[in-house]
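Computation of the quantities below employed the complete heavy-atom set of this structure, encompassing side-chain atoms and omitting hydrogens, waters and symmetry-equivalent molecules.
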Amino acid sequence: MTIQNFFISLIFIFFGKIANAQSSPFDSVNLLLQKQVYFDFGKHDITVESEKVLLLMVDSCENQANIFVHIEAHTDHVGTDENNLALSQRRSNAIQEFLFQQPFSLKKISTSVFGEAKPIAENTSNDGRQQNRRAVISFYKKNKMSIIKGKVVDKKTGEGIQAKVIFHTKNHKDSLDTKVDGSFEKSVVENTVVGVDIYKKDYFFDTQMVKARKNTVIMSIPLLPVEVGEKVSIKNLYYVGNKAILLPRSKPELPKVLKFMELNPFIKIEIAGHINAPFRTEAQLEKWEKDLSCNRAKAIYDFLLKNNIDEERLAYKGYNNSQMVFPEARNFKDQALNRRVEIRILDTGEVISVKDGN
C-alpha cells in the first residue's frame, strides 16, 4: 500500500467510526461508510480508481461483523430509458461480484437501479455526465438490540395510565405514547444506558435510568397524582459543595420541571430546599447553612421565572435540616437524600362547583 493510500485508509476508518458513534442507539442498523464510484461512458467495468475506493472500504470494515451493503446504480441521460436501466443493473452486478470476492464478513447485499432517473449534475457537459455515471455504495452494520418493556401506573391505585415516554442518551432522543393500559415497548442497542422520562397531565413527572442488557428489561413506573399537599424530590440535582450553584450535569433536569409546569398550567407549587446536617438542631446551624437551603430552592424558582412561568404560580422556601429523610444519616446515600429540592403542590387550580347547597 502506498503512503497516499495508507492515509486515505485512515480517513475511511476515522469517518467510519464517527458514523457509528453518532448513529442513534434506537436504530437496529448503523451506517458505517458511504462512497461513490464512477464508470466510463457506456461501461459497467470497475475502473482502477473505483477498485481502490472499494478495497479501502472493505479494509476499513475488516474487523466488523454483520456487514450489510446497499448499492445504488445510475447512468447519464445518453441512450434510451430501457438501455440505461439495464446498464445501471450491470454496474450494480459488477460491484456485487467484486465485493463477494473480498475476504470480509459480508452478510447481505441489496441494490437499487435508477438508470438516468436521479442525476446529481446537469447532463449538458462531460463533467456533469461523468458525475451521473456513478454508483453509491453504503456499508451498514446490524446492531444487537435489547427490548425495554414497561408500564406506567397510578402510584395510589396501581392502575395503568396512558403517558408520554421520552428515551434519551447524550446525543439522541426518541419518544412514544404508551398504550391505554400504560404499557410500552422500545428497542435499544444492547448495553446502552438510557434515560427514561415520563410525563402525564395531572401527575408528577419521573425520570429513571436503565441499561438495555441482553435480556429484556422490565420497568414499572408509578406516577404520583397531582394533589394539594403532595410532593416529590427533583431527581439528579447536584450542586457545587456548600453552594447554590448547579453543576453542569444537573442542567438537563431543569427543563423537565418546566415541562411539568407547562403540562399542568393551573397548578401552583412551592419549591422546597433541604440540607443535610444530621445530629444538630436548627438552632445550631451556621447562618450560611440556613441560607443554603433557601438559595438552592430559589435557583429553581429563578429558572422557571426566566422561562415564562407566572410568578403567582411559584413560591420557594428553605427548610434547613428540619425535614431530613434520614435525621441520623451516616452514609453518602442517606446524606444525598437529605440534601434535596422538592416540588410541593399548593393548588391544583381545580374548580369545584357548588350546586343546590351541596
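A cation-pi arrangement is absent between Arg133 and Tyr38 under the rule of less than 6.0 angstrom and at most 45 degrees off the ring axis. In this structure, Lys43 forms no cation-pi arrangement with Phe39, as its terminal cationic atom is not both closer than 6.0 Å to the ring centre and no more than 45° off the ring axis. Figure legend: Arg129 and Phe41 shown without cation-pi pairing, the cationic atom not lying both under 6.0 angstrom from the six-membered ring centre and within 45 degrees of its axis. Cation-pi geometry between Lys186 and Phe26 is met: the NZ or CZ atom falls under 6.0 Å from the ring centre, inside 45° of the normal.
Between the side chains of Asn84 and Asp81, no donor N or O sits under 3.5 Å from an acceptor N or O. Counted by atom type alone, His274 and Glu342 present one or more donor-acceptor pairs between their side chains at under 3.5 Å. One side chain, His70 or Ser112, offers a donor N or O that lies under 3.5 Å from an acceptor on the other. No hydrogens or angles considered: a donor-acceptor pair under 3.5 Å links the side chains of Asn338 and Asn276. Between the side chains of Asp197 and His168, at least one donor N or O lies within less than 3.5 Å of an accepting N or O.
Note on Glu230 versus Lys156: salt bridge recorded, some NZ/NE/NH1/NH2 to OD/OE distance being below 4.0 Å.
Here the two rings, on Tyr199 and Phe260, have centers that are 6.0 Å apart or farther. Ring to ring, Tyr301 and Tyr316 are close: their centroids are under 6.0 angstrom apart.
Within the 4.5 Å cutoff, no side-chain heavy atoms of Val29 are placed close to those of Asn143. Counting heavy atoms from C-beta outward, Glu159 and Val153 have side chains that stay 4.5 Å or more apart. Taking 4.5 Å as the limit, every side-chain heavy atom of Val217 sits out of range of all side-chain heavy atoms of Lys149. Looking at Ile269 and Arg344, their side chains never come closer than 4.5 Å, going by heavy atoms from C-beta outward. The shortest side-chain heavy-atom distance between Ser146 and Arg213 does not fall under the 4.5 Å cut-off.
Ile198 contributes atom CD1, which lies 5.5 Å from atom CD of Gln208 (distance to the nearest 0.5 angstrom).
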